[in-house]
Amino acid sequence: MSPTAPAVLIHDPTLRDGHHAVRHQLDQGQLRDYAAAADLAGVPVVEVGHGNGLGASSLQIGRAALSDAEMLSTVRDALQRARMAVFMGPGWGTCEDLRGAFRYGAQVFRIAAHCTEADVTERHLGFVAEHGGEGQGVLMMSHMASPAQLAEQCALMVRFGAQAVGIFDSAGHFLPEDVQARIAAISEAVDVPVIFHGHNNLGMAIANSVAAVRTGARIIDACARGFGAGAGNTQLEVLVAVLERLGHPTGIDLNKVLAAADVAERRLMSAPPFIDSVAVMSGRAGVFSGFKTRVLEIAAREGISPGDLFDELGRRQVIAGQEDLIPEAAHRLKEKAVTEHPTTTAGLDPDVEDLLVRELRVKPEALAADATLEEAGLDSLSLVELSVLLSELLGSKVSEDEIHDARTVGGLAVLVENKRRGR
Amino acid sequence: MSENTALKVAVLGAGLIGVDLLHKIHRSPFLDCVMVVGRDSQNTGLRQAAKMGLPTTAGGTAALLESGRHVDLVFDASNADSHAEHWRLLEPTGALVVDLTPHNSGTPTVPTVNAVEALTGRHLSLISCGGQAAVPILQAIAQHCTPGYVEVVSTGASRSAGRATRLNLDEYIATTQDSVRAFTGTPAAKVMVNVSPAAPPPPFRVTMTVLACGIDPGTVRDLVHSAARKVRAFAPGYAVTSVDATSEKVIVAVEVSSVGGRIPAYAGNLDIINAAAIHLAETRAASPLTEGAAA
């Protein structure tokens, strides 16, 4: 064992990131049992909260079973030695939420921004510093930015008062060399400890964390059994063993952290996260890991492939917090599938096609899926007529505006199908 | 009023919002910009204003007052922290003050909902860009049902969010939540904001979720579309992209693009709040207050 290898501080967000895997539904007993076990193992920092942190419990991201106050006070009571951490993204939470976290005994405050948006953290890092907490600045979805950009953004957060800064591989997209380039650039640019937070979509979480340590990161995030969004995070107990072999002191007792991981597996999850096909697709597409459950649900409902949906979200460079785009992206994919359907005319319901051709005198050959309604020969007057005829045919109101918003013949086909399904 | 019937206006702040506002004022036959006020002569927005041939000062609101120019209306496009001071200085002048920062001290005003009523006062708040996009729809839905919970999530492109916006996210959230509660009667409102780094930049998007009992999907759809049509009368890039309604829940997404202007299409957030500001100013120009018009 090399006595000269620098110490690494393990930051454990099991009770925050893991929430993504269980729709933010952990209860007080679960929080208490894991926090106590991690504390006993000598894990120095235990983070708790909704999957997207303070203030993020919502219909958009998912409602948590417990309030932030309940989560924090439960974990605070279970910790003897470990410091308690919270996570907050400006725009999701506010200074009011931070004030609450101080009240419930949080000591480490992670203020998060997406890769190139560090200046949204200025106010909140300032607030944390002013109130005597340890503020850390972290950049989510960091694969969307270059090493130089990330270094610049991290330097900015240090100026705002962050006492540690770093990057989250929120999509599990990085390979070790990507991490090395980024951590090296950040380490060069700042004189505070550098943080790395991995996800395991491409099976790289441990390798990426080791790459981060080798290029200068000194705070590594890891979760028991990898409990976290998507394919899970860097697996805590594995990381502790690996760092021990590499000679980096962590202050964590390996046997006790293995016991804590057993507690986590038994108490927090129905099964430990693993790299299923969907996780690989989301990692490859570079989509936020926390979208997994929502993507599966919506893909099933719309009858499309979750892989295609992840690719579409990746193409749109959707970030965490934009869950509202998932149904819309699914809708567009379906519209495209109709458009590309080779055998029928734009996938139009035969009754509707009949109506267009007979009643509105649209030429059948004009009904190409990607033709706009105008190109198909439907002017604004015929849209009014179509709205009346469709409403009669389908037995539910189809407004002129809805038809207008469908834009193309393919869009009209989807609108009709959705109406038929009562949506 | 001067012999020229155009309303004399001043703009405080020359950031992303202020500069776009200047261009919109320039296009309006009813408004005449007599001063652009900043605090830093090196500010690129202030220099742009000077290039447009507009009188500028880097001396803040005090300099505007010292200039002795008659001003009928002041747009405050600075930042939430400065607005209270601006209003304190401007209140005695009798000018109408339209606040585009999320300071939340003026009468919350949404042109299609309460312009006439609000214009009887002298201090209007335009809430936030998300508020301008969401309230017309939410208020329309609340005519049909009693919302128990309302959630609003807005996503703007990184390049359309200036420094003041980024520093004022907390005020943006609080002010928008207050207005959603006030305009819909819901006891609980939650507002969230995303700043997207995607390239090319995505359009400004606002998704609203309303929980209520006994919703009739067809009625709600009609209300939503007709509310949107009214907004389009002054903000043509405002479009409903989806309405998903059940008997207990309505989800409406709108996207706003900036059309035909100087700013890029994705910057619909700037466009909608500025279009609202111009619309209110023009409404005032068309029917100036008779009582107490000191000048």
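All chains are named by letter (A, B, ...) in the order of the sequence lines, taking the proteins before the strands, and each is independently numbered beginning at 1. Since the structure is predicted, the reported quantities are computational estimates derived from the model, not experimental observations.
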Visitor: Where does A:Ala320 contact chain B at under 4.5 Å (heavy atoms): side chain, backbone, both or neither?
Guide: backbone

Visitor: Considering only heavy atoms, which portion of B:Ile251 lies under 4.5 Å from any heavy atom of chain A: side chain, backbone, both, or neither?
Guide: neither

Visitor: Which bit of A:Ser58 comes within less than 4.5 Å of chain B, counting heavy atoms only: side chain, backbone, both or neither?
Guide: both

Visitor: Could you check if a side-chain atom of B:Leu211 sits within less than 4.5 angstrom of a side-chain atom of A:Leu59, using non-hydrogen atoms only?
Guide: yes

Visitor: Looking at A:His114, A:Arg316, A:Gln60, A:Glu96, which one has more heavy-atom pairs under 4.5 Å with chain B than the rest?
Guide: A:Gln60

Visitor: With a 4.5 angstrom heavy-atom cut-off, which part of B:Thr209 approaches chain A: side chain, backbone, both or neither?
Guide: side chain

Visitor: Under a 3.5 Å threshold, yes or no: a donor from one side chain and an acceptor from the other, between B:Ser105 and B:His103?
Guide: yes

Visitor: Return the option, out of B:Leu169, B:Thr207, B:Asn194, B:Ile173, with the maximum number of heavy-atom pairs under 4.5 Å with chain A.
Guide: B:Asn194

Visitor: Taking side chain as everything from C-beta outward and backbone as N, CA, C, O, which of these in B:Thr155 sits under 4.5 Å from a heavy atom of chain A? Side chain, backbone, both or neither.
Guide: side chain

Visitor: Just how far is it from atom CG of A:Asp324 to atom OG of B:Ser154, taken to the nearest 0.5 Å?
Guide: 9.5 Å

Visitor: Let me know if A:Ser57 has heavy atoms under 4.5 Å from chain B in its side chain, its backbone, both or neither.
Guide: backbone

Visitor: Report which part of A:Asp405 has an atom under 4.5 Å of a heavy atom belonging to chain B: side chain, backbone, both, or neither.
Guide: side chain

Visitor: I'd like to know if the side chain of A:Asp97 and the backbone of A:Thr94 have a donor-acceptor N/O pair within less than 3.5 Å.
Guide: yes

Visitor: Give the member of A:Met141, A:His404, A:Glu402 that has the highest number of heavy-atom pairs under 4.5 Å with chain B.
Guide: A:Glu402

Visitor: Between A:Cys115 and chain B, with a heavy-atom cut-off of 4.5 Å, which part of the residue counts as in contact: side chain, backbone, both or neither?
Guide: side chain

Visitor: Indicate yes or no: does A:Glu323 engage A:Arg294 in a salt bridge with an N to O separation below 4.0 Å.
Guide: no

Visitor: State, with a plain yes or no, whether a side-chain heavy atom of A:Phe160 is found less than 4.5 Å away from one of A:His124.
Guide: no

Visitor: Between B:Pro197 and chain A, which part of the residue has a heavy atom less than 4.5 Å away: side chain, backbone, both or neither?
Guide: both

Visitor: Is it the backbone or the side chain of B:Leu167 that comes under 4.5 Å from a heavy atom of chain A, or both, or neither?
Guide: both

Visitor: Pick one of side chain, backbone, both or neither for B:Tyr149, based on which atoms fall under 4.5 Å of a heavy atom in chain A.
Guide: side chain

Visitor: Which bit of B:Val240 is near chain A, if near means a heavy-atom gap under 4.5 Å: side chain, backbone, both or neither?
Guide: both

Visitor: Quick one about B:Arg229 and B:Thr112 (side-chain donor to acceptor, distance below 3.5 Å, no hydrogens or angles considered), yes or no?
Guide: no

Visitor: I'd like to know if A:Glu297 and A:Arg23 make a salt bridge, using a cut-off of under 4.0 Å between side-chain N and carboxylate O.
Guide: yes

Visitor: Side chain, backbone, both or neither: which part of A:Glu117 has an atom under 4.5 Å from a heavy atom of chain B?
Guide: both

Visitor: Shorter than 4.5 Å, heavy atoms on both sides: which option in B:Ala253, B:Ser242, B:Ala199 has the most such pairs with chain A?
Guide: B:Ala199

Visitor: Within the structure provided, determine whether A:Pro90 and A:Ile111 are in side-chain contact (heavy-atom separation under 4.5 Å).
Guide: yes

Visitor: Starting from the C-alpha separation in whole Å, work towards a yes-or-no answer on side chain to side chain donor-acceptor pair (under 3.5 Å) for A:Asn52 and A:His20.
Guide: CA-CA 8 Å; A:Asn52 278 25; A:His20 281 293; 3.1 Å; yes

Visitor: Using non-hydrogen atoms only, which part of A:Ile319 is less than 4.5 Å away from chain B: side chain, backbone, both, or neither?
Guide: side chain

Visitor: Is the shortest side-chain N to carboxylate O distance from A:Glu312 to A:Arg332 below 4.0 Å?
Guide: no

